[in-house]
Amino acid sequence: MVKIRCVVERITYQNPENGYSVLKCRVKGYNDLIPVVGNLLDANVGSVLLAEGNWKIDAKYGRQFVAENWEETLPATVYGMEKYLGSGLIKGVGPKFARRIVQKYGADTFAVIEDNVELLNEVEGIGKKRVQMIARSWERQKEVKNIMLFLQEHQVSSSFAAKIYKQYGNESIAVMKENPYRLADDIWGIGFRTADQIAGKLGFEKESYVRLRSGLMYTLSELSNEGHVYAGKPQLIEKASELLEASPETVIMTMDEMLKQEDLIREKKITKEDGDGNSIVAIYLPPFYYAEVGAAGKLKKLVSLPAGDKLYMKLLEARNRTGNQKLSVDIEAIQKKTGMTYDEIQADAIRQAATAKVMVLTGGPGTGKTTTTHGIISVYKSYGLKILLAAPTGRAAKRMTEATGLEAKTIHRLLECKPSEGYQKNEENPLEGDVLIVDECSMIDIILMNSLLKAIPPAMRLILVGDIDQLPSVGAGNVLRDMIDSGSFPVVRLTRIFRQAQTSRIIMNAHRINEGKMPDISNGKNTDFFFMENEDAESVVSQIVELVGTKLPGYYKVDPAQIQVLTPMQRGAVGATNLNLALQEALNPVEQKIFVRGGGAVSVPKEVLRRSGFAFRADDKVMQIRNNYDKEVFNGDIGIIASVSAEDRTLKVNFDGRMVEYDVTELDELSHAYATTIHKAQGSEYPIVVMPILMNHYVMLQRNLIYTGITRAKKVLVMVGTKKALSYAVHNVTVTRRNAMLKERLADACYFNPAVLD
C-alpha cells in the first residue's frame, strides 16, 4: 500500500447509498489534479487527507488513486491553510477572508486561531462579531473532528459526527463508550445498525441486554414505519432474532424484562379472524399503545355526548316535539343560499352533518366532496356556529382555504405546536369552537389523531373528509378506514361522478382504476391524460427530463416548477433519487449566467452545500422529510432554496413565503423534490404530474398507489412506461394489512385483557 497526502479541490461524484466518491485532489509532485476514488463520503472541499491505497490506470478515466483507508489532517502549507479555511468548514470564513487571514499570519494562521484568536481583529474588515463566530466554529470543529476520528477508528462513517456533537456536546465520546445504543434512541438519522457497529467495535457482547433491548425497540420502530401500530408476538420474535442474530429464547427473555420495566406493553386480543378462535398477543411501543387506546376512548366519548351548539339544540327540540327522529335541515333553502344543487347522497350528508357529533364524508375525485363540504359549512354558518378547518399538510390546508373562503390551518398549527413543549392545545387547553372539519383524513396516523382528539372539547362536532381509496397514512395506523369499518359513526360515501368531472379523463381513469379496469390511454389532442410507451428505464429518465424541462412548459406555458414527477419508488433508475439528480442537472445547473453591462453574459458557478453526496444550490426544489418542530416545518412540506452561503455553511428555504434556515449538518432533513415518491405526495395537488410506471417498480405496483398518484394531477397527467406495468398495478389489490386494533376498540368487538397472557 502507498500513502499520499492531498488537498481536496473538487468533489466530482458521490453516491450517498454506498459512499463511493470521486475527488479531484492536489498532490505534491503532480501538476494536474489527481482523481482519488473510494469510500470518501465525509471528505469536504479544502480537507487535507492522508490516504492509504494503490495507484491504478483506469481504461476510461486514466490514472487514479484508489483509497482503501483515509484520515483527515490539518494542512501544513500556507496554500492548504487558505484552502481549508475558505472551504466553509469554519463559519464566518469564506475564500475572501481566508486569503486575508493567511496573507497576514502565514504559517502561523492555525496557531493564531487556536491560541490568540483576538489577533484576527487586526485583519482588514473582519469585525468583532465574525471573530467570535470563527472562535466558536473552530472549537466546535475541533470537537467534531475528535468524534470523527473516534468513529473512523471504529470503521463507522464519520458523517454522523456533527449530529452526535449537537446532541451530546463535549460528552459525545463518553456517551458512545458507555452506551452507543443511545445514538439510535436520541438522534434522528442514526439507526440501530450504526449504533450496533460502534458497539461491536467497542467490545459490547452480542447478547448483552442493552443490545437486545435496542434491537427490539428498533424492530418495533421499523414495523411502525411500515404502518403497524403493534407487532404480533411471533412476528416480533422472528424479526428481532434475525436482526440480532440471537436465539428466540434470548429475545423472549429480553422482551419479558422490557415488559416488566414497561418499555413495552403487551395486550391479548380474543378474535376469530384466523378461523380457529386463536388469540393474538400484541406487543406495543408505549406511545402507540396509549395513542390507540386514547383515540378510541376519546372518539367513543365524543360521539356519545350531545353537541353544545344552537343548531343541535334546535333540531333535538324539534324532533322531541314532533316525534320525527329524521327531522333535519331544509335542503332546498340551503341550495338557494349557496346557489348549488345537491344530489340525494350529498343532501343526505348535509342532513346527517346537521345532527351528527362525529361523521365521515368520503368519495373519489369528481364526486363532490368539496361541494358537499360547502353545503355543510353553509348550514353551520346560518346558525352562527364557530367553524374550525384543518388538514394534515400545508398544501391541503391552502386548498381548503381556497375552496371554502375560510381560514384552514395545518393540524400542527391548529394545535399550536411549540418546540420542546409539544402541542399547546390539549385536554387542559382545548380548541375553541363548535365544529372542526378536517380534510385529507386518509393521511392522519394514530399518533396525530390522538393528539388532535385530546384538544377537542366534549361538546364540539368533528367532521372527517377524505378519500378512503387512497394510500393509508405514512405513519402507523389506518385511522380513517378503521373508523369507517367500525360501524360506530355515520359514514356518507359519495359515488356519483358529476357531469363537469366526466370531461376529465384523469378523474374518469382514476375511477376506472379503482374499479379494477384498465384506464383509457388512447391519448388525443383534447385529453388531460397521456400515456407514452417506453420500456427502457434509462430512456424513460431522458424522456422525463425532456418533458419537464422543455416540452410541457413550452406547450402549456407553465414554469417547470409547476410540474411534479411522481414515482412509485425511491431507488432504481426511475426512482426519485436518480430522477432528482437528472432533473436538477437539467433544470438548475451549477453554472448560472450573469448578464453584465454591455449586453454580454458570463457563466458563474452557484454556491453549493454538500451533504451525504447531494449538492444543494439556490433555486433547487426541496422537500422536508421529517417533522421539525423547532423550525415549524413538517414531513412533506415543499420549498425552494432561496440562498446558499458556503461561507456560513447555511442555506435558506422559502416555504410558501416563510424563510427557514438550515445548517449544513441539518441537510439530511431535506431531499430534492423535482421528483418524489407517490407516498410523499399525499395531500398535495399539482397542475401537471409526470409519472413513470415500469416493471422495475413491480414490488410497489398496487392499485391504491397508482390511484393516489393519478389523483394528484389537477390539469394534466403524463404517464411514461409500459401497459404491462400499468395492468399489473391495476389488478394488484394485495395491499399489506396493517397491525392495528382501533376498529375493534371502537366496535367493542373483541376482548382485551393486558393481564391475561399466554
Side-chain angles (χ1 to χ4, degrees), residues 290-329 348-362 373 376-377 379-390 411 414-416 423-439 441 444 446-466 477 479-492 741-750 752:
Y290 292 117
E292 188 176 79
V293 171
K298 292 177 189 74
L299 280 168
K300 286 161 87 170
K301 183 179 178 183
L302 191 64
V303 80
S304 69
L305 296 171
D309 58 73
K310 187 178 170 184
L311 171 61
Y312 191 92
M313 295 304 179
K314 279 202 167 187
L315 282 172
L316 188 66
E317 187 273 325
R319 286 181 172 188
N320 290 338
R321 190 180 68 248
T322 62
N324 180 3
Q325 294 305 306
K326 292 187 177 178
L327 191 69
S328 190
V329 291
D348 181 51
I350 296 167
R351 288 190 202 100
Q352 291 211 49
T355 56
K357 263 310 284 309
V358 179
M359 189 186 102
V360 176
L361 175 67
T362 186
T373 304
I376 292 169
I377 289 171
V379 171
Y380 291 150
K381 282 174 76 176
S382 65
Y383 282 86
L385 273 65
K386 183 180 178 185
I387 304 161
L388 304 178
L389 302 181
I411 295 173
L414 180 78
L415 298 179
E416 296 177 12
Y423 297 119
Q424 303 303 294
K425 290 294 182 184
N426 48 42
E427 295 101 327
E428 287 77 40
N429 181 28
L431 296 166
E432 294 173 11
D434 298 304
V435 58
L436 171 62
I437 302 175
V438 188
D439 198 8
C441 288
I444 301 177
I446 193 66
I447 300 281
L448 185 58
M449 178 55 92
N450 186 48
S451 297
L452 179 62
L453 290 166
K454 282 180 184 177
I456 297 176
M460 184 180 273
R461 301 168 183 255
L462 176 63
I463 309 295
L464 301 174
V465 184
V479 175
L480 188 64
R481 182 168 291 283
D482 283 350
M483 285 183 67
I484 292 171
D485 291 348
S486 74
S488 303
F489 315 98
V491 176
V492 179
M741 292 192 201
L742 181 64
K743 172 187 150 187
E744 290 85 352
R745 292 184 194 278
L746 289 169
D748 280 333
C750 62
F752 297 97

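FYI, side chains are in, hydrogens and waters are out, and symmetry mates aren't considered; it's all heavy atoms of this structure.
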_Trace of the side-chain contact (heavy atoms from CB on, under 4.5 Å) decision for S451 with L415_ = CA-CA 8 Å; S451 297; L415 298 179; 4.2 Å; yes
*For I444 and L480, run side-chain contact (heavy atoms from CB on, under 4.5 Å): C-alpha distance rounded to whole Å, both residues' side-chain angles, the deciding distance at 0.1 Å, then the answer.*
CA-CA 8 Å; I444 301 177; L480 188 64; over 6 Å; no
*Does the side-chain contact (heavy atoms from CB on, under 4.5 Å) test come out yes or no for V479 and L448, once each step is laid out?*
CA-CA 10 Å; V479 175; L448 185 58; over 6 Å; no
Please give me the minimum heavy-atom distance between [X] and [Y], naming the atom from each residue.
X    : Y    : answer
N450 : K298 : OD1-NZ, 3.1 Å
A353 : I463 : CB-CD1, 4.4 Å
L742 : E292 : N-OE2, 3.4 Å
V465 : T373 : CG2-OG1, 4.1 Å
M460 : L436 : SD-CB, 4.0 Å
A318 : L327 : CB-CD2, 3.4 Å

_Side chain to side chain, D482 and M449, heavy atoms closer than 4.5 Å_ = no
*Got L464 and F489 here, is their nearest side-chain heavy-atom distance under 4.5 Å?*
no
First locate atom [atom1] of [X], then atom [atom2] of [Y], and finally report the distance between them rounded to the nearest 0.5 Å.
X    : Y    : atom1 : atom2 : value
I456 : K454 : CD1   : NZ    : 12.5 Å
K301 : L453 : NZ    : CG    : 12.0 Å
Q424 : L414 : CD    : CG    : 13.0 Å
K326 : R319 : NZ    : CZ    : 10.0 Å
I437 : I377 : CD1   : CD1   : 4.5 Å
L452 : N426 : CG    : CG    : 12.0 Å

*Determine, stepwise, if the pair I376 / V435 fulfils side-chain contact (heavy atoms from CB on, under 4.5 Å).*
CA-CA 11 Å; I376 292 169; V435 58; over 6 Å; no
*Any sub-3.5 Å donor-acceptor pair from S486's side-chain atoms to L746's backbone N or O?*
no
*Examine distances only and state if a side-chain atom of K425 and a backbone atom of E416 form a donor-acceptor pair shorter than 3.5 Å.*
no
_Contacts of type salt bridge (charged side-chain N to carboxylate O under 4.0 Å, His left out), residue K300, not counting sequence neighbours_ =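 Scan of K300 (salt bridge (charged side-chain N to carboxylate O under 4.0 Å, His left out), adjacent residues dropped) gives D748.
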_Once side chain to side chain donor-acceptor pair (under 3.5 Å) is applied, what residue pairs with a partner in residues 305-318 remain, sequence neighbours excluded?_
D309-R461, E317-R321
_Enclosure of Y383 OH (heavy-atom neighbours >12, cutoff 6.0 Å)_ =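 Atom OH in Y383 is not packed in, count stays at 12 or less.
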